[in-house]
Amino acid sequence: MVDNMPRESAKAPHHPRVAVVWSVLSAEIERFAAGTGATLRILDVGGGSGGFAVPLAELGHDVTVVEPSANALASLRQRAADAGVTDRVQAVQADADELPDVAEPGSADLVLCHSVLEMVDYPDTALDALANACAPGGAVSILVANRIAAVLAKALSGQFATALDLLVHVDGVAEGRDTIKRRFETATLTALVGGSGLVTEQVHGVGVVGDLVQAPETATGEALREFELATASRVPFRDMATSIHLLARKPMR
Ligand SMILES: C[S@@+](CC[C@H](N)C(=O)[O-])C[C@H]1O[C@@H](n2cnc3c(N)ncnc32)[C@H](O)[C@@H]1O
């Protein structure tokens, strides 16, 4: 597993919250294109209104967003039109369970599944579908909520009973009070990804302290971004971040 410190991406959006993810994606795109400027086929499962899809299309790549929400797809289309990349963004209304019906096996060079595995009924089935849609040698980018961060956040705000609930619950949720079905930890996520035949190459923490700091973002933006990039791959900081980002590769055979 590569455990390198992510570098700031030159072309990508620079919000501290997503700087680490963009850094990893940008490096993967550069690796794929190897200086040729080749166009990637990108599949964004649960891509919402295109927060990742549209900037990727603006970089010149062909992006298919598979998303169950009609409202999100309408926003996606508008965002793509505003950015002038309608011809590079395809919107498909379906959920992760339906992925085998809407995405050809091996049809994507890069598959994104960001903040979605927390909501699906069966994350192992979803991961199998993501792996199936990925081309041999291609990569899958996964972003999930981290149980450890949720426990810390509750404890630091004095909600110790809820923190303990999150700590011991099998899925890392507060029963009946949570909007998502599960949270992950680095080890359980890596094992789950391995079960779908993908090989984990990089794991980063996203939002090591970004959701905990009290200072206004305008006062902390640059320093926060630098801190997040510096700590994203460092244990134990990585493993206490709000979200876990994992880049896995589909073996060539
Ligand atoms: C938190 S948003 C993340 C959007 C986008 N991936 C991003 O990172 O900006 C979660 C998205 O997952 C979608 N979603 C919910 N359940 C899903 C499912 N079973 N399969 C695919 N997408 C789902 C929601 O409609 C929503 O757009």
Side-chain angles (χ1 to χ4, degrees), residues 1-35 37-65 67 72 75-76 79-80 82-85 88-89 108-117 130 134 138-146 149 186 189 200-211 213 217 220-234 237-238 241-249:
M1 188 187 302
V2 182
D3 192 27
N4 55 331
M5 179 172 145
R7 305 282 166 221
E8 184 71 90
S9 159
K11 290 183 182 170
H14 292 273
H15 194 287
R17 194 181 294 276
V18 288
V20 172
V21 178
W22 274 107
S23 169
V24 173
L25 294 181
S26 299
E28 174 60 18
I29 289 168
E30 278 174 31
R31 188 204 68 85
F32 180 93
T39 298
L40 272 76
R41 300 164 297 169
I42 299 174
L43 176 66
D44 190 356
V45 179
S49 60
F52 283 89
V54 171
L56 286 166
E58 289 182 278
L59 292 173
H61 305 291
D62 293 326
V63 188
T64 300
V65 175
E67 162 62 48
S75 300
L76 165 70
R79 187 184 275 198
D82 292 346
V85 292
R88 287 202 288 273
V89 176
D109 305 307
L110 175 61
V111 179
L112 312 187
C113 186
H114 292 173
S115 310
V116 177
L117 289 181
L130 299 176
C134 186
V140 180
S141 168
I142 295 164
L143 187 66
V144 294
N146 182 4
T186 307
L189 178 65
T200 296
E201 289 191 347
Q202 300 184 47
V203 179
H204 290 102
V206 176
V208 173
V209 295
D211 294 331
V213 289
E217 195 169 287
T220 59
E222 284 306 317
L224 175 58
R225 179 181 297 103
E226 192 179 338
F227 182 86
E228 293 288 340
L229 287 167
T231 52
S233 60
R234 282 190 176 222
F237 299 106
R238 179 194 78 179
T242 299
S243 303
I244 305 164
H245 182 247
L246 183 150
L247 191 83
R249 193 156 314 279

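Along the sequence shown, residues are numbered consecutively beginning with 1.
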Ala33 and Ala38 have their tightest heavy-atom pair at CB-N, 3.7 Å
Taking the inter-plane angle between the rings of Phe227 and Phe237 on a 0 to 90° scale, is it parallel (under 30°), tilted (30 to 60°) or perpendicular (over 60°)? perpendicular
Residue pair Leu56 / Val89, side-chain heavy-atom distance below 4.5 Å: no
Of all heavy-atom pairs linking Trp22 and Gly51, the shortest is CZ2-O, 4.3 Å
Side chain to side chain contact (heavy atoms under 4.5 Å, CB included) partners for Ser49, two or more places apart: Ser75, Arg79
Test side chain to side chain contact (heavy atoms under 4.5 Å, CB included) applied to Val54 and Asp44, Asp82, Val85, the passing residue: Val85
Between the CD atom in Glu67 and the CG atom in Leu76, the distance rounded to the nearest 0.5 Å is 8.5 Å
With a 4.5 Å limit on heavy-atom distance, are the side chains of Leu112 and Leu25 in contact? yes
Using a strict cut-off of less than 4.0 Å between a Lys/Arg side-chain nitrogen and an Asp/Glu carboxylate oxygen, indicate whether Asp62 and Arg41 qualify as a salt bridge. no
Distance check, rounded to the nearest 0.5 Å: Leu246 atom CG versus Leu189 atom CG? 5.0 Å
Smallest separation among heavy atoms of His204 and Arg238, with atom names: C-CG, 3.8 Å
Distance (rounded to the nearest 0.5 Å) between His245 NE2 and His114 NE2: 4.0 Å
Give the C-alpha distance, both sets of side-chain angles, the deciding distance and a yes or no for side chain to side chain contact (heavy atoms under 4.5 Å, CB included) between Leu229 and Val20. CA-CA 6 Å; Leu229 287 167; Val20 172; 4.0 Å; yes
Nearest 0.5 angstrom please: Thr200 OG1 to Gln202 CD, how far? 10.5 Å
Please report the interatomic distance CG(Leu110) to SG(Cys134), rounded to the nearest 0.5 Å. 7.5 Å
Taking all non-hydrogen atoms of both residues, which atom of Gly48 and which atom of Val65 are closest, and how far apart? O-CG1, 4.2 Å
Any carboxylate oxygen within less than 4.0 angstrom of a Lys/Arg side-chain nitrogen, looking at Glu228 and Arg225? no
For Ala241, does its backbone N or O pair with a side-chain atom of Asn146 as donor and acceptor, under 3.5 Å? yes
Measure the spacing between CD1 of Ile244 and CG of Leu143 and express it to the nearest 0.5 Å. 9.0 Å
Is the shortest heavy-atom distance from the side chain of Val63 to the side chain of Phe52 under 4.5 Å? no
For His61, which residues count as a ring-ring contact (aromatic ring centres under 6.0 Å, His included) partner, sequence neighbours excluded? none
Before you tell me yes or no, could you show the steps for Leu224 and Val209 under side chain to side chain contact (heavy atoms under 4.5 Å, CB included), namely the whole-Å CA-CA distance, both residues' side-chain angles and the distance that decides it to 0.1 Å? CA-CA 8 Å; Leu224 175 58; Val209 295; 4.0 Å; yes
Tightest non-hydrogen contact, residues Leu247 and Ala139, listed as CD1-CB, 4.1 Å
